[in-house]
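Computation of the quantities below employed the complete heavy-atom set of this structure, encompassing side-chain atoms and omitting hydrogens, waters and symmetry-equivalent molecules.
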Amino acid sequence: QVQLVESGGGLVQAGGSLTLSCAASGHTFNNLALGWFRQPPGKEREFVAAISRSGSRTNYADSMKGRVTISRNNAKNMVYLQMNNLKPEDTAVYYCAAERTNLLYGVTTDFSSWGQGTQVTVSS
């Protein structure tokens, strides 16, 4: 069972930046494809970004493309989400997700392990 713990959320002004972190344990990190999702207040959870095991391939939601960067550090068992030019509509609980895969370069949006989430609030 993969355990995921997010951190780095908080209150930020519109136009600001924030970097979320997620620590993974319980499984060989290099065998995990990883992703970030978010759930705005009163809405469904939605995809934000994903990264392959190798870290060389990424995928982003159209609404976030150009403003976010997903990255991973396989030596530290960490995955990050750098967010820039934040908008009030980015206010949400952000979740880290993981999926075991044999595909080194595969990017998925289908995950079975989830963190507890970290709140990001963007003020106008």
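- Applying the side-chain contact (heavy atoms from CB on, under 4.5 Å) criterion to Ser112, with sequence neighbours excluded, gives Glu99.
- Not one N or O on the side chain of Arg72 forms a donor-acceptor pair closer than 3.5 Å with the backbone of Ala33.
- Here the side chain of Thr118 pairs a donor or acceptor atom with the backbone of Gly9 at under 3.5 angstrom.
- Here the CG-OG1 distance, from Asn84 to Thr69, works out to 6.5 Å after rounding to the nearest 0.5 Å.
- Judged as a salt bridge (charged side-chain N to carboxylate O under 4.0 Å, His left out), and not counting sequence neighbours, the contacts of Arg38 are Glu46, Asp90.
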Open item on the list: Show, in sequence, the C-alpha distance, side-chain angles and deciding distance for Leu81 and Val48, and conclude whether the side chain to side chain contact (heavy atoms under 4.5 Å, CB included) test is met.
Closed with: CA-CA 9 Å; Leu81 186 70; Val48 175; 4.0 Å; yes
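- At least one donor-acceptor pair closer than 3.5 Å links the side chain of Ser54 to the backbone N or O of Ser56.
- The ring-ring contact (aromatic ring centres under 6.0 Å, His included) pairs that include a residue from residues 61-83 number zero, where partners must be two or more places apart or lie in different chains.
- Listed by chain and number, the residues in a side-chain contact (heavy atoms from CB on, under 4.5 Å) with Val120 are Leu18, Leu20, Met83, Tyr94, Val122 (sequence neighbours excluded).
- Other residues sharing the hydrophobic cluster of Leu103, ordered by chain and number and joined by side-chain separations under 4.5 Å: none, the residue standing alone.
- Both the sub-6.0 Å distance and the 45° axial angle are not jointly satisfied by Arg53 relative to the ring of Tyr105.
- None of Asn74, Val2, Asn73 except one satisfies the side chain to side chain contact (heavy atoms under 4.5 Å, CB included) rule with Phe29; the exception is Asn74.
- Taken from CG in Asp110 to OG1 in Thr108, the straight-line distance is 5.0 Å, to the nearest 0.5 Å.
- Side chain of Ser52 to backbone of Gly55: a donor-acceptor contact under 3.5 angstrom is found.
- The side-chain tip of Arg67 does not point at the ring of Tyr60 from less than 6.0 angstrom away and within 45° of straight on.
- Gln82 places no side-chain N or O within donor-acceptor distance of the main-chain N or O of Thr19, the cut-off being under 3.5 Å.
- Legend: residues meeting ring pair (Phe, Tyr, Trp, His ring centres under 6.0 Å) with Phe47, ordered by chain and number and at least two apart, are Phe37.
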